[in-house]
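We use all heavy atoms of the structure for the numbers below, so side chains are in, but hydrogens, waters and symmetry mates are not. Every chain is numbered from 1 and lettered A, B, ... according to where its sequence line falls, protein lines coming before strand lines. Just so it is clear, the model here is predicted, and its values are computed rather than measured.
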Amino acid sequence: MISLLLILLPLLTGLAAFFIKDEKLVRTWALLTSLATLVVSILGLCCMNETKYLDFHSEWLPSLGASFSLKMDGAAQLLCLLNTIAYPLVFIAGWDKTYKNAKNFFALMLLAQAGMMGVFLAADALLFYFFWELALIPMYFLCSQWGGEKRVAVTFKFFIYTFIGSLLMLISILYLYGQTPDHSFNIESFYNIKLTSKQENLPFWLMFVAFAVKMPIFPLHTWQPDTYEQAPTSTTMILSGVMVKMGVFGLIRWLFPVLSSASFIWGDVITLVAIIGMIYASLIALRQDDLKRLVAYSSIAHIGLLCAGMFTQNASGIQGVMIQMFSHGINIIGLWIVVDWIERKTGTRKMSELGGLAQKAPTLTIFFLIIILANIALPLTNAFVGEFLIFNGLLSSFTQYYVWYTVMAVVCIILAAAYMLRMMRKVCYGEMNERTANVSDISRNGKLALGLIVLLILAAGIYPQPMLDLTSGATDSLVDKFDLIRKSLLK
Amino acid sequence: MPINYYIFLSLALFCIGIVGVLTRRNAIIIFMSIELMLNAVNLLLVAFSKMHHNAALLAGDVATTAGTDGQLFVFFIMVVAAAEVSVGLAIIVMMYRNIHSVDVNFLNRLKH
Amino acid sequence: MNALILSAILGVILMFSGILLKQKAAIRNIAIAGMVLLLGVNVLEMCGTVFFNVHTHGMIVFDRFALLFNTIAFASTLLFFLLSAKDMEKVGVNYAEYFALIFFILCGITLTSSFKSLLILFLGIEIISIPLYILTGSDKRNLKSNEASLKYFLLGAFSTGLMLMGIALIYGAMGTFNTISINVFTEGKPSLLLITGMLLLLFSMSFKASAAPFHFWTPDVYDGAPTVFTSFMATIVKAAVFIGFIRLFDEAFGLLRPEWKLFVAIIVVATLFIGNITAVFQQSVKRMLAYSSIAQAGFMMMAVYAMNTDAKEGLLLYTVAYSFATIGIFAVLIKMKDYSFDGFNGFAKHQPLLAITTTIFLFSLAGIPLTAGFLSKFYMLKATIAAGNNLWLVIFAVVMAAVSAYYYFRVIQAMYFKEGDAQPMEVSRSFKWTLVVLAVFIIVFGIYPDLILSHLYF
Amino acid sequence: MQNALQIVYLIPLLPLIGFLINGLGRKHLSKSMISAVGCGTILISFSLSIWVFIQVKGGNVHTATYFDFISVGRLKIPFEFKIDQLSSLFLLIITGVGFLIHLYSTSYMKEEKNEHFGRYFSYLNLFIFSMLLLVMGGNFVVMFMGWEGVGLCSYLLIGFWFKKHENNKAASKAFIMNRIGDFAFLIAIFWLIAKLSTVSFDEIFTAASLAKLSTLDITVITMLLFVGATGKSAQIPLYTWLPDAMAGPTPVSALIHAATMVTAGIYMIARSNVLYSLAPFTMDIIAYVGLATALLAATIALKQNDIKKVLAYSTVSQLGFMFLALGCGAYTAAVFHVMTHAFFKALLFLGSGSVIHAMGGEQDIRNMGGLSKKLRITFITFLIGCIAIAGIPPFSGFFSKDAILLSAFIKNPVLYGVALFAALLTAFYMFRLLFITFSGKFRGNQEQEHHLHESPPAMTIPLIVLAILAIIGGFVGIPEVFMHGGDKIGEFLSPVITEQEHHVSHATEYMLMGLSTGLVIIMIIFAWYKFRNYQRSEATGFGKVLENKWYVDEFYDAAIVKPIKKAGIFFSQVFDTKVIDGIVNGVGRLLQYGSRQLRLVQSGQAGSYILLMVISMVLIFVIQFFIRK
Amino acid sequence: MSITQILFWFLSIVAIFSALMVVSSKNPVHSVLWLILTFFSISGHYILLNAQFLAIVNIIVYAGAIMVLFLFVIMLMNLNKETEPQKHKWLRIAGAIAGGSLLLVMVAALKDTDIKHQQALINTGGIGLIKNLGKELFTTYVVPFEISSVLFLSAMVGAVVIGKKE
């Protein structure tokens, strides 16, 4: 029931928001409803393991073998939590912003939330695909309507990219559906599919491409920097904070358990590509002048790590990914809030035109610093836990070149430090210039949002075990599956 | 008569009709070529009808009416052809009124 | 049978109403009322009430599939009337005759959906085609309309010739026109005459369904015809042809599937490719929709290719999704002054409601989930995958579907994100609400298609 | 009953609280409040550390586990503190020296704005917290937390005056270079986890665990850990950040970049001595690297003119000595040197701070001279520091350095020779510094001369205390030859450090001591002769190379930094936009082009339509009847 | 060679020759006349096949009504050799080749069908007589017959719509 509520709440309130004319009212409405959704998802945490309260099942299209079933395991809970935390944060941070057609903006935002929630909860392949697209459409409108100068073309590229990906996934789903013993789209039936590893290849790649585009994994990433740059920042926060996790989540729930042996066989190649992508993106981030693009490329690098972590296929790596999904979401939202504030106050995103913000905006600088440190995985911040586990998983994974993979991946945290500190140095430190001389410190709502983010960063960094416990069930079942496959393949 | 002769004859007439459609620019002639094609079909149908009749007779069914449907089909083709001609000529005349030509190559406002 | 006879009668009534009634509104009301009646009697027949019990000697059988499609076609036509009947006035003076012709076409559609004899198929196709030639040319002063009409006529007559040749050869091989009797299992190779005839029928049906490489008439005719009639023929008529198509190849040539499978696949690929790729560069929305209808035909052809239960269900759903969406878009398009993409610039600002409904229609055409368009494409893909070892075809189709999103979204971009002053045209309240109803239908069927498909089985 | 040492968490917690109070209240609290909080928390920690030390001395060794930090599958990483001889000794050094430097800072940083004053103390407290975490950590992960934490504080404090770009660059450089080391450290941890599924010291350093590791594993792990140590402890090749780190406030240099943080590497290796003893190859490498660093840094220090730079290179050099000791298996000697070095190097830095304070921020020794008259206490304490570092008995440096040299001699006399040479250079450059700064004539400008004054008590008291420590600090490790049982420190550490017995005759030992002491004195006299009346002159030839630090920075820049930047530019401007995005956009453009071409087929001519239809029919017939058959 | 065979060959040659003349005559009026000849020869074939009803209908409907209509239209438009548009030579050749190859392909495909030994009944057989056809038409085929009235109606309406002056 809780899972149903989590979808319906943003969906209905989002639809209702279309009809609220007053801007202030709709903003309040959006914040309050997103908070309500947060409360529901926390409620979900409280009745962990009580599947009868969490899950939901209802007939939908019996002739097709599709049902409206939602499943809320640990991984889903964590991502729902991320989703529900992200929204209030974004709304709080954007409290003092005005939008043209505010009602449409907030309504679409909430609809996107409903879509993503559905992706995280769906336990039926067709339903999953539905929500997958449903999350995309509001994003398309949000980015095209409220974004920067080149928004229409850029968003369209983004749309087509992901649309192709998701259509390929659809084929894969259909193919797998044909192989299910009971001709059903239900996730359990998908888990029962027996295929030879040769048969698995094509559906595996079809599905992986969809997720890879969404994450995005090098070399399918080129939509991402442009989109992040052009989209309205609130949307970018959701895009990068929550939406890209859809891809990783897809791996966890749909790709790996269903197509395990292909995942195992191709793990090497994909890990390599992901890690090359990490280094590649890090190197590019090192030379970016535009703050948004820098953050975008850094995000590509981090997501590459998530992908590599998934393919370690051991408990440490996958647990790391789960934690890191959450952490990355929180951190990058923080980064965007800061970048957005800088852009609004100084009118530029170019680092070469900034400097000396620390003198005028010390509070912001502190928050910024903490978020940056979290982003480069300093111990006692949230990202350390995740990345530590992922790297660890990588080294003890069964891929053939695991040592070199690990080394290459860890190189990225050096590069990450380099580009993140470069950003810090160019933006906050140094002498002021005419652009930065007149700024004031961050406003109260910004402080609130960033403060919450910092609290989350530290809390999760110091005591991550509850999160690990939350997702351990999902991880264990996945790892068990892999162990079986590995044994049978290596025999 | 061996049925193959009829088949070949009809096909020849049919393809001459097609060649006519392909080589002429006058809409009326094209239309006439199409009529020729229809007539080739009619001839073939009648021949087949007689062939099936023959086959039924040879099979020993003396009072057979096998093959009637083929000839009736020809009848319906003629009906349709007549209707088509009335409409087709009306369209051609309408066009002639507007552009004073029956050249189909004039018809290229709609393209790409 | 109810619908077949009533539609003919209604055609006659409207034919005369043009003479008797001078007020166009009255004619229109009669047509709409007649349409409601037609829909009603057809639904009644689905429920088991048959008014006219005519013995057809097995040439026409109104099974559930046919009746359900007829209902869909009649409902679409009703919506079409509600939305666009008023705009027919602008085409020419023969207002009542247009309605009469449309009713005659519906008569042909009932035949095409329910034939069991090639003769009936032939007659049905012709009854559809001949009025269409006229409707296409009904804007008599307009050279484009003339041109479209003549092209349509010449090419259509040519394809009729092919179809007849095919029927003749089949008759030669099998000695019958009855579809069931054609579809008998023979030892060894099937007769060459039969195969040749089947291929010729494939060509001519592809022509009517505007499948490549027999599609050439489509863009020109759809572009040249008065937009109201384009709307009608691109949707309901095309859907009917497909129903006839799938029926023919299922009932008459089902056993020959190994022979025609390859060619249908080729036609699917060619159609998808040409339709989608050519649509990309169009500057006029109307012409783009013409090409998009070719592209959609490619998807519908996949049903013919797959030829299983899913395919048939899916085709029905597809006809609904495609017809409703296209009727809706055309209804909006008719109201526009400028048919180019730029003509839609800033449309959302002036007509937010129309823009939203149009967006839903375009989503449906592009196959975005939550619209019927998605599920119908989904059924097609599913049927094709179920039909066997042909993932390549599906992948190709899917890539082409992505391409189609490109041109559909151009309209959405123009409406929402481009600065412009799309002429705010006068639209009545009822027009708007009809569009909304249409959009709601599309979404409802997109979520719960069993509303339609469940009628196929009881 | 719970072990009394369970409450050691208070030791790091107090500085953390101090950090929070000062950090959050930096705008609202007065400077004296900030000082009180900053120093007070450390003082309490120091007192606790003494208590802990006494407990440990009494034989109470304890591993305190608090909560599961990470527990995944078989891997359990608890949050635990290990209190034993080694860590308790470091606790003393850290909190003790830390407290003195805090005290010193209250005066040194007085001129800063309230806000920045608070910020400074909060950073300093955070540093102490991290450092404590590092040494108290009961497993590699907790140690790593502290490890990175001190790196962060170092970054923050180097860039404390963030308006100047050089400071920020130096800060970033320090952090990134440390990260390179951390990278190796991390991999070592992962390797351990992969092999042993644990990171706790108590579990790793057992015979059972060690038996599970192959020689290769041990070599790789120890090498990686050592690479980690080179980053933090500024060894070749990762030493270049340390001299640049002098951009931070001087007390920071004293605390972080001399006394505590940079010795973390030594601590880590000493902690893992069980492992290292099994990896002779790594030991050799460590010895060579340490020696090379000691020598290289010493040569550079000869020609430096910035007072803090000289001390920085001296620090690098001394750290090199410590690694030499580690490489020779003399862990105790290394730890001993850490301790004495903490005293005299902190003293020297604080002394230099006093000088800089007096000179109004001037750091170039060529502009100083003759300061001994004006800055009596500073001069005397500085002199003590110099003597200690030069290694003249009975000052502390003598004992520790002697132990190191002896261990080198045991390992290989050549090592000893080179190390001795480096030690002589140490004496030379330190006294060069002393003489140029304090003797001769004042070479600065009028204003500076007028401004010259002795520092306030808050600064001189720590100097005096440290000077005393620098004198007597060595007595805890008197060699056997002088006094049986004099090696208190070795005795104390023996439960945690296993060392091979060394076999050197007493005569040799005496001879070596005599040799080094004699040569050092000669060097000092030479330095006095050369620099008592220093006149500025341009360096030429080899001196120029030394002044420019062997051009190592330039080499790194050209060999590593520039290529990475170039790659970044290439990827972002060429590869990403032209190639990858080019392909993506190319597909789109191809589509448009295809569309434009394909629509030409739609010629508008009915005849051509039919022709195309007929041709396709013919083709299909051909396929059906002639190809498929 | 029997008389029927001679007649068959004669009629076939006439039909093909006149058909060729239809498509190749420059003058549209000549084309019409040749087409009428073709229809006559086809009617002759019908008679040969004893399909008397169709032979008559063919002459009345096609040769009589339809072709006269064509002739009227051509006369109305005053089309003659001079106004006759000519296709480009290459296009004509291409058209002829395409049509020819279609013929070739189909003949090649159908020359070996399983019914190639069957005969079409010549001269005899009563199915082509009016009586038989009429009976069938108004019993079994009454529904299509009625339906064709719809076709005619629509054609009529269409002709009115198209032809009526506005």
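- Looking at B:Y6 and E:L49, their side chains come closer than 4.5 Å, going by heavy atoms from C-beta outward.
- Distance CD1/E:I115 to CE/B:M51: 4.0 Å, rounded to 0.5 Å.
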- request: Decide side chain to side chain contact (heavy atoms under 4.5 Å, CB included) for E:F53 and B:V74; before the verdict, give the C-alpha distance in whole Å, the side-chain angles of both, and the deciding distance to 0.1 Å.
  value: CA-CA 11 Å; E:F53 173 66; B:V74 174; over 6 Å; no
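- The candidate from E:I97, E:V57, E:L91, E:I42 with the greatest count of non-hydrogen atom pairs under 4.5 Å with chain B is E:I42.
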task: Could you walk me through whether E:H45 and B:L9 pass side chain to side chain contact (heavy atoms under 4.5 Å, CB included), step by step?
output: CA-CA 11 Å; E:H45 271 297; B:L9 175 61; 3.4 Å; yes
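- Using a 4.0 Å cut-off between a side-chain N of Lys or Arg and a carboxylate O of Asp or Glu, E:E84 and B:R24 qualify as a salt bridge.
- Within the 4.5 angstrom heavy-atom criterion, only side-chain atoms of E:F8, from C-beta onward, approach chain B.
- In this structure, CD1 on B:I3 lies 11.5 Å from CG on E:L110, to the nearest 0.5 angstrom.
- Of all heavy-atom pairs spanning B:S33 and E:V23, the tightest one is OG-CG1, 4.0 Å.
- In this structure, the side chains of B:V102 and E:M77 come closer than 4.5 Å at one or more pairs of heavy atoms.
- Per-residue counts of heavy-atom pairs under 4.5 Å with chain B were compared for E:A19, E:S154, E:G100; the largest is that of E:A19.
- Using a 4.5 Å cut-off between heavy atoms, B:V87 contacts chain E through its side chain alone, with no backbone atom that close.
- Residue E:F72 does not touch chain B at all, counting heavy-atom pairs closer than 4.5 Å.
- Considering CG of B:L72 and OG1 of E:T140, their distance stands at 8.5 Å, rounded to 0.5 Å.
- A 4.5 Å side-chain heavy-atom check between E:I127 and B:Q71 finds at least one atom pair inside the cut-off.
- With chain E as the partner, the residue from B:T64, B:V104, B:N42, B:I91 showing the most heavy-atom pairs under 4.5 Å is B:N42.
- In terms of heavy-atom pairs under 4.5 angstrom with chain E, the leader among B:K50, B:R97, B:E35 is B:K50.
- The candidate with the highest count of non-hydrogen atom pairs below 4.5 Å against chain B, out of E:K116, E:H117, E:M156, is E:K116.
- A distance of 11.5 Å separates NE2 in E:H88 from CG in B:N105, rounded to the nearest 0.5 Å.
- Between chain B and the residues E:A15, E:A65, E:G95, the largest count of heavy-atom pairs under 4.5 Å involves E:G95.
- No other option in B:I16, B:L36, B:V19 has as many heavy-atom pairs under 4.5 Å with chain E as B:I16.
- When the candidates E:S2, E:A96, E:A120, E:A155 are compared by the number of heavy-atom contacts under 4.5 Å with chain B, E:A120 comes out ahead.
- With a 4.5 Å cut-off on non-hydrogen atoms, B:F48 touches chain E through its side chain but not through its backbone.
- Proximity to chain E (any heavy atom under 4.5 Å) is shown, for B:I92, by both the backbone and the side chain.
- Of the two parts of B:I7, only the side chain, counted from C-beta on, holds a non-hydrogen atom closer than 4.5 Å to a non-hydrogen atom of chain E.
- Residue E:W34: no heavy atom, backbone or side chain, is found under 4.5 Å from chain B.
- Contact of B:S49 with chain E is made through backbone and side chain together, with heavy-atom distances under 4.5 Å.
- A distance of 13.5 Å separates CG in B:N26 from NZ in E:K26, rounded to the nearest 0.5 Å.
- Both the backbone and the side chain of B:T68 come within contact range of chain E, judged by heavy atoms closer than 4.5 Å.
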task: Let me see the working for B:V46 and E:L54 under side chain to side chain contact (heavy atoms under 4.5 Å, CB included), right down to the final yes or no.
output: CA-CA 9 Å; B:V46 174; E:L54 287 179; 3.5 Å; yes
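- E:Q118 is not listed as a side-chain neighbour of B:N54, based on a closest heavy-atom distance of 4.5 Å or more.
- Contact of E:S43 with chain B is not made at all, since no heavy-atom distance falls under 4.5 Å.
- With hydrogens and angles ignored, the 3.5 Å screen pairs no side-chain donor or acceptor of B:D103 with any backbone N or O of E:P85.
- Contacts of E:L35 with chain B are made by side-chain atoms alone, with heavy-atom separations under 4.5 Å and no backbone atom involved.
- Counting heavy-atom pairs closer than 4.5 Å to chain E, the top-ranked of the candidates B:M94, B:H52, B:H100 is B:M94.
- Heavy-atom pairs under 4.5 Å with chain E peak, among B:L57, B:L43, B:T65, B:V93, at B:L43.
- Residue B:I28 touches chain E through both its backbone and its side chain, counting heavy-atom pairs closer than 4.5 Å.
- Heavy atoms of E:S31 lying under 4.5 Å from chain B belong to its backbone as well as its side chain.
- Counting heavy-atom neighbours within 6.0 Å of E:F152 CZ, excluding the residue itself, gives a total above 12.
- Heavy atoms closer than 4.5 Å to chain E are found in the side chain of B:L89, but not in its backbone.
- The contact between B:F75 and chain E is made by backbone and side chain atoms together, counting heavy-atom distances below 4.5 Å.
- Annotation: the span from E:L79 atom CG to B:Y96 atom OH amounts to 6.0 Å, rounded to 0.5 Å.
- Only the side chain of B:I29 has a heavy atom closer than 4.5 Å to any heavy atom of chain E.
- Looking only at heavy-atom pairs under 4.5 Å with chain E, the residue among B:D69, B:L58, B:I30, B:I18 that has the most is B:D69.
- Nearest approach of E:Y46 to B:N39, heavy atoms of both residues: OH-O, 4.3 Å.
- Residue contact with chain E, scored on non-hydrogen atoms closer than 4.5 Å, involves the backbone and the side chain of B:V80 alike.
- With chain B as partner, the option from E:T38, E:L69, E:V61 having the largest number of non-hydrogen pairs under 4.5 angstrom is E:L69.
- Checked against the 6.0 Å centroid threshold, B:F73 and E:Y141 do not count as a close aromatic pair.
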- prompt: After noting the C-alpha distance and the side-chain angles of B:F76 and E:L151, does the key distance pass the side chain to side chain contact (heavy atoms under 4.5 Å, CB included) rule?
  reply: CA-CA 11 Å; B:F76 282 107; E:L151 186 71; over 6 Å; no
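- Contact annotation for B:L22: both backbone and side-chain heavy atoms come within less than 4.5 Å of a heavy atom of chain E.
- Using a 4.5 Å cut-off between heavy atoms, E:Q86 contacts chain B through its backbone alone, with no side-chain atom that close.
- A heavy-atom distance below 4.5 Å is found between the side chains of B:N4 and E:T113.
- A heavy-atom distance below 4.5 Å is not found between the side chains of B:F31 and E:V73.
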